[in-house]
Amino acid sequence: MKILIINAGSSSVKYQFMDSDSGEVFAKGLCERIGIDGKLTHRVPGKPNYEADIPMPTHNEAIIAVLDIMVSPEYGVIKSVDEIDAVGHRVLHGGAEFTESCIIDDACIAAIERCIPFGPLHNPANLMGIRACRQVMPDKKQVAVFDTAFHMTMPPKAYIYAIPYEYYEKDGVRRYGFHGTSHRYIAGRTLKLLGRENNPEGTKIISCHLGNGSSLAAIKDGKVVDTSMGLGPLAGFPMGTRSGDIDPTIIEYLMGIYNMNIGEMLNILNKKSGVLGISGVSSDFRDLDAAAKDGNERAALALEKFCYEVTKYVGAYAAAMGGVDAIVMTAGIGENNGELRGRILGGLEYMGVKIDPELNAKRGDERLISAADSKVKVFVIPTNEELMIAMDTAELCK
Ligand code: ADP
């Protein structure tokens with residue numbers, strides 16, 4: 001089926017139009033500055049990019065602009081909107097209500113609304129995208145695919161926080177986890193590479209999604225048993241701009257000294273922390289690599305801290321699962337930064353992880369980078385969240 005995938009932010013809409021069977025991407029692009037002025041960038045493989053300033057007072061005009069360009073004789077890829085079989089939406093937070101993707105109806109929208117307190121930045125924006133598509137394309141079936149859903153198999157000991165139990169029972173405070181669509185894709189591909197796709201029982205995989213935002217998932221028998229992000233995506237290890245876990249005492253201490261309110265404090269933890277915060281240089285690991293090689297000590301420390309914390313999570317998840325068969329690196333850093341992969345996994349020979357430096361240095365698609373005598377297989381697998389969204393959408397809309 002031909003699926004339009006929508007990832008709506010508060011002032012942006014990313015889209016991809018793809019074949020859910022072959023994975024072929026026909027077109028993709030971005031609407032930016034929605035509510036300000038509006039800009040569309042549209043890409044079709046093998047053709048020059050199309051860019052245009054188009055007024056987008058709301059998400060509705062953005063979706064209309066996407067459909068217009070998709071059917072344009074010059075830049076388009078379809079003759080009519082009828083060729084879009086269904087629409088799949090990326091939704092950040094499904095709370096405990098969604099263990100899998102679902103057809104969007106009024107009940108689904110109401111449930112996504114109930115999850116707004118857990119994802120206050122993303123869920124309202126995702127809903128704007130959903131509502132715009134329903135208005136502009138009322139006849140198309142739409143599907144919501146949740147970042148949290150794949151993690152809903154975690155056992156209570158992994159998802160419960162050690163605070164009064166009533167906050168879990170009454171208010172839903174628990175670990176939810178994110179990047180679930182990516183971790184699900186990685187789990188599926190890894191099981192296939194291990195020859196265990198039909199027999200996942202007994203397999204132990206650690207999926208490392210290392211991008212701007214990063215998380216690890218421990219996946220046993222093909223199901224998540226633990227993950228590093230929490231109620232929200234600020235938790236875990238340091239990321240590009242997010243702090244990861246910190247001692248909560250720091251929050252009270254700094255709010256007191258600088259007379260900050262909680263919003264200002266959270267803004268610092270979300271946008272000004274992580275490797276950007278430590279280095280003062282950049283949130284982008286390419287910039288940090290360059291600065292560290294130039295002798296910038298704080299950039300070097302930021303990289304060291306990142307690697308150290310990821311290594312600790314790998315060790316923790318191997319302990320949690322009683323071993324590990326495969327470790328997988330994915331997303332911008334995991335797929336492209338061989339040096340960091342080596343630093344994160346290089347010291348783990350005692351646990352049977354042996355990287356082959358030559359394989360690790362090569363670029364390419366899906367590949368094994370562990371040595372022939374490594375007990376644990378290490379793979380690099382480019383993630384493909386869009387394909388998962390397209391496949392779920394096609395499955396639910398057939
Ligand atoms: P997002 O979470 O926004 O999708 P990505 O998965 O694209 O982010 O990851 C962004 C990070 O990946 C950046 O820190 C960047 O340095 C790194 N990265 C992306 N592409 C490359 C590349 N070709 N070589 C080295 N690092 C890369």
Side-chain angles (χ1 to χ4, degrees), residues 5-16 25 28-30 32 41 43 90 92 119 121-122 125-126 145 147-148 177-186 207-217 227-229 232-244 270-294 296 298-307 309-310 328-344 360-367 369 380-389:
I5 299 149
I6 298 289
N7 184 356
S10 56
S11 67
S12 70
V13 169
K14 280 190 206 140
Y15 64 93
Q16 239 183 67
V25 177
K28 60 176 162 183
L30 172 68
E32 295 168 274
T41 309
R43 300 188 169 89
R90 181 177 183 180
L92 180 86
L121 298 179
H122 295 84
N126 300 151
V145 179
D147 256 31
T148 47
F178 299 89
H179 296 132
T181 312
S182 173
H183 290 304
R184 181 154 65 104
Y185 177 80
I186 295 303
S207 168
C208 309
H209 179 110
L210 307 179
N212 251 325
S214 298
S215 69
L216 258 63
T227 190
S228 58
M229 285 179 166
L234 185 52
F237 48 88
M239 308 172 210
T241 62
R242 295 188 197 129
S243 62
N270 271 304
K271 305 245 169 83
K272 299 185 176 166
S273 297
V275 291
L276 167 68
I278 297 176
S279 68
V281 171
S282 172
S283 63
D284 191 300
F285 280 67
R286 285 168 287 200
D287 299 339
L288 293 176
D289 280 337
K293 286 193 177 107
D294 266 359
N296 184 313
R298 273 171 52 191
L301 176 62
L303 291 170
E304 201 179 359
K305 174 72 175 171
F306 179 81
C307 295
E309 295 295 338
V310 178
V328 190
M329 292 286 180
T330 193
I333 299 162
E335 290 166 27
N336 298 299
N337 194 327
E339 194 181 326
L340 242 63
R341 286 195 299 262
R343 284 173 69 177
I344 290 165
N360 187 34
K362 276 191 194 151
R363 292 199 161 256
D365 292 332
E366 257 179 30
R367 58 205 188 273
I369 59 164
V380 174
I381 300 180
T383 195
N384 197 341
E385 291 160 286
E386 291 78 14
L387 179 60
M388 294 300 317
I389 295 174

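Atoms within each ligand, like the ligands themselves, are counted from 1 in listed order.
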Chemist: Check N337 against ligand 1 and report side chain, backbone, both or neither, counting heavy atoms closer than 4.0 Å.
Modeler: neither

Chemist: Going by the closest heavy atom to atom 15 (C) of ligand 1, which one wins out of N212, L340, D287, D284?
Modeler: D284

Chemist: Would you mind running through ligand 1 and noting each atom that sits below 4.0 Å from a heavy atom of A331?
Modeler: 6 (O)

Chemist: Just which atoms of ligand 1 are under 4.0 Å from any heavy atom in G213?
Modeler: 2 (O)

Chemist: Can you check whether L216's main-chain N or O pairs, donor with acceptor, with T227's side chain at less than 3.5 Å?
Modeler: yes

Chemist: For atom 9 (O) of ligand 1, tell me which residue out of G338, S283, G211 has the closest non-hydrogen atom.
Modeler: G211

Chemist: Where is the nearest protein heavy atom to atom 14 (O) of ligand 1: which residue, which atom, and how far?
Modeler: F285 N, 2.9 Å

Chemist: Judged by modelled atom types alone, do H183 and S215 share a side-chain donor-acceptor pair under 3.5 Å?
Modeler: yes

Chemist: I'd like to check whether H209 has a polar contact with ligand 1, where a contact means an N/O of the residue lying under 3.5 Å from an N/O of the ligand.
Modeler: no

Chemist: Run the ring-ring contact (aromatic ring centres under 6.0 Å, His included) test against F285 and tell me which residues pass, sequence neighbours left out.
Modeler: F306

Chemist: So, the side chain of D294 versus the backbone of N296: is there a donor-acceptor pair under 3.5 Å, distance only?
Modeler: no

Chemist: So between L210, V275, N336, I333, whose heavy atom ends up nearest atom 22 (C) of ligand 1?
Modeler: N336

Chemist: Ignoring hydrogens, what is the shortest heavy-atom contact between D287 and V281? Give both atom names and the distance.
Modeler: O-CG1, 4.5 Å

Chemist: Specify the protein heavy atom at minimum distance from atom 26 (N) of ligand 1: its residue, its atom name, and the distance to 0.1 Å.
Modeler: R286 CG, 3.6 Å

Chemist: Are the side chains of E366 and P382 in contact, using a 4.5 Å heavy-atom criterion?
Modeler: yes

Chemist: Show every salt bridge (charged side-chain N to carboxylate O under 4.0 Å, His left out) that has at least one partner inside residues 177-186, sequence neighbours left out.
Modeler: R184-D392

Chemist: Who gets closest to atom 17 (C) of ligand 1 by heavy atom: G332, P382, G334?
Modeler: G332

